[in-house]
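One structure is given below, encoded as structure tokens.
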Protein chains: 2
Amino acid sequence: MARKVTSQDVARKAGVSQSAVSRVFTRGASVSPDMAARVRSAADELGYRPNALARGLITGRSRIIGLVVAYLDNPFYPDAIEKLSTVLQAQGYHLLIFTTGKHGIDTDRVISELLDYQVDGIITASINLSGELSERCAAAGIPVVLFNRAIPGSGLSAVTSDNLTGGRKAAEFLLAGGHVRIAHISGFMDASTSRDRLAGFRAALDRAGAPLHALVDGRYDRATAAEAARDLMARPDPPDAIFVANDHMALAVMDMLRFDLGLKVPQDVSILGYDDVPMAGWPAYDLTTLRQPTRRMVDATVDELMAKLDTPNRAARRIEIDGPLVVRTSARIPEGYTP
Amino acid sequence: MARKVTSQDVARKAGVSQSAVSRVFTRGASVSPDMAARVRSAADELGYRPNALARGLITGRSRIIGLVVAYLDNPFYPDAIEKLSTVLQAQGYHLLIFTTGKHGIDTDRVISELLDYQVDGIITASINLSGELSERCAAAGIPVVLFNRAIPGSGLSAVTSDNLTGGRKAAEFLLAGGHVRIAHISGFMDASTSRDRLAGFRAALDRAGAPLHALVDGRYDRATAAEAARDLMARPDPPDAIFVANDHMALAVMDMLRFDLGLKVPQDVSILGYDDVPMAGWPAYDLTTLRQPTRRMVDATVDELMAKLDTPNRAARRIEIDGPLVVRTSARIPEGYTP
DNA sequence: GTGTTATTTGCATAGGTATGCAGACACATC
DNA sequence: GATGTGTCTGCATACCTATGCAAATAACAC
């Protein structure tokens with residue numbers, strides 16, 4: 001186990017001071033070309049690289065971003081995380097993962113650990129951290145950006161798709177398709193995402209004078225959503241269309257309808273999802289769904305985080321990114337429909 | 001932005017030395033109950049927690065594990081990562097993510113960054129890091145465990161399922177089912193995982209005197225695998241069974257067979273996968289597959305890493321975990337089959 | 001009382017880097 | 001030659017915590 005090579009070692013070898021070595025590796029510092037060359041050659045020879053921990057300690061910037069995530073079984077998140085990591089990496093930041101477990105237990109402990117590592121910023125995904133998150137992070141001066149969720153009144157920046165509009169588009173598409181008993185399987189109601197999708201959906205139905213035929217909470221969980229679908233179809237007046245709050249549940253619903261209940265999609269029931277995860281495009285499902293533009297959401301998240309890092313007291317921003325309805329075959333297509 | 005509260009502040013407030021504060025937060029250090037109480041109360045009041053960076057700097061242990069990952073679109077990985085993170089978190093470690101991109105570009109840069117952060121250990125997943133990884137990490141004294149891949153002769157510990165046996169079980173099941181033209185769509189051959197699955201598969205066929213009817217490289221990629229399947233079926237003598245090297249590809253193959261070619265699974269072709277990802281159990285696919293026991297693989301990975309942390313010059317271990325064949329309906333079930 | 005051992009505490013330093021400050025130097029200007 | 005301007009460089013210190021060492025205290029036996 002070779003002893004770690006430090007800037008001292010390099011300095012000695014190059015016959016300069018430790019400060020000089022440091023300056024060579026700090027961009028924006030004043031160094032003569034001659035010295036830079038000497039130092040770099042010595043550093044290469046010894047295999048020296050600055051210690052990120054020591055650097056973070058003194059600069060007060062760790063270049064670590066905490067990512068808090070509850071679960072990864074909805075494939076929307078792995079995709080987003082991969083992109084997040086790549087984009088941040090290109091800017092010299094890295095993601096430190098914190099998992100809260102499905103039921104958001106131990107939020108308190110997670111936040112503490114997050115702060116222990118002196119993270120420069122925090123991104124949360126698939127998660128609802130209570131008010132204490134915002135307070136403690138604000139107290140520590142750490143910027144937070146919520147990804148795919150918003151907490152109104154929390155003073156935290158948030159990036160989502162335009163869920164209200166998405167909900168509206170869903171309703172309009174189903175109405176145009178001539179559906180009359182339109183149901184919704186929602187995500188849990190503590191999530192702004194669920195509330196907004198429902199609100200937009202409901203508003204558009206109202207505007208058309210159509211009732212929301214039924215509303216069930218699917219809790220963003222496959223099993224729950226499948227049960228909800230079974231219950232809906234067992235009613236005396238089953239729906240002829242179901243808007244499901246995300247693809248992950250929508251696929252479970254389709255499985256339930258087709259394989260357990262022997263129904264045809266979309267002939268018997270139209271299904272609409274939300275997210276456009278890769279599987280939605282697979283022929284076995286071919287799910288009509290509202291796309292969340294992951295790429296743009298990720299870029300916006302990182303931009304917002306970087307902006308907050310540069311400008312500490314910047315006001316929180318609420319960023320909503322519009323995504324298209326991706327028409328496939330799981331929902332009846334209105335006559336003469338053009339996108 | 002509140003100034004950071006340090007052990008000095010706590011010491012002052014509690015009327016003790018900084019060392020005392022440190023000792024209270026270092027388990028195994030000698031402190032009187034009286035002082036511990038005083039310090040803790042002062043710390044709570046000020047909201048003090050030890051700075052992990054400073055601590056890492058002096059102890060030489062950052063409690064950060066680097067996770068190197070190429071891609072997350074195969075759902076086997078998000079699942080594993082979530083579990084890895086949870087298990088490590090319980091032991092006071094956290095995962096710092098490094099993505100290499102699909103084509104393993106920039107491996108060199110990734111390793112450098114990894115070392116910059118003074119990670120205590122490294123776990124790689126879905127990735128083939130060349131010999132330089134092992135060399136540089138060995139030089140720096142950082143333990144490495146490969147997850148779901150092995151590099152023979154590299155001297156690195158590796159945890160996989162028992163791929164040889166898995167391949168064998170696949171062949172035996174297909175043979176018992178009476179198949180005679182048995183093909184394989186493999187992963188890329190740089191991966192030990194692919195090679196072992198194929199080797200086990202081939203060995204069992206040989207032993208039974210059956211030929212491997214066809215072999216194509218699917219590169220662990222959906223599109224490539226689907227094309228491979230199309231090509232196979234376009235031959236004058238198409239296979240009656242295909243063993244696909246992972247579920248991710250197997251599902252694409254099933255889609256291709258059923259929706260593009262109008263074939264029936266398993267009546268026209270039997271399909272076998274590998275992994276048992278959640279989707280394999282969904283009724284739309286109901287894929288017969290070899291389970292990789294994620295939970296046990298993750299536990300073994302973490303155990304091995306911790307062991308290497310405790311015993312620096314420990315010999316590398318190669319851990320293979322047996323998983324069952326999960327029989328569903330995508331492959332013909334042999335007469336009188338019992339598991 | 002002395003002596004012995006165990007426990008607790010503070011002092012001082014180390015760990016690896018960044019940076020304010022002042023000195024050194026070169027060069028130009030008058 | 002004196003003064004000013006600008007560029008480099010080294011010194012010394014700070015960031016925050018852990019820990020070896022020695023001093024102080026306590027506990028105990030005789």
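Convention: sequence-line order gives letters A, B, ...; per-chain numbering from 1.
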Starting from P on D:dT17, measure out to CG on A:Asp116 and report it in whole angstrom. 10 Å
May I ask you to say whether B:Glu304 pairs ionically with B:Arg314, meaning some side-chain N is under 4.0 Å from a carboxylate O? yes
By the definition side chain to side chain donor-acceptor pair (under 3.5 Å), identify the one residue from B:Glu82, B:Gln89, B:Lys83 that meets it with A:Thr99. B:Gln89
Establish, from distance only, whether the side-chain atoms of A:Ser62 and A:Arg55 form a donor-acceptor pair under 3.5 Å. no
Return the value, rounded to whole Å, for the distance between atom CG of B:Leu53 and atom C1' of D:dC15. 10 Å
Between D:dC11, D:dT17, C:dC11, which nucleotide gets closest to the side-chain atoms of B:Gln8? D:dT17
Is any side-chain N of the basic residue among A:Asp9 and A:Lys13 closer than 4.0 Å to the acidic one's carboxylate O? no
A:Ile58 has an atom CD1; how far is it from atom P of D:dT17, in whole Å? 15 Å
Between atom CZ in B:Arg55 and atom C1' in D:dC16, what is the gap in whole Å? 11 Å
Quick one: which of D:dA18, D:dT17, C:dG16 gets closest to the side chain of B:Leu57? C:dG16
To the nearest Å, give me how far apart CE (B:Met35) and P (C:dT9) are. 4 Å
Measure distances between side-chain N and O atoms of B:Ser19 and base N and O atoms of C:dC11, and say whether any donor-acceptor pair falls under 3.5 Å. yes
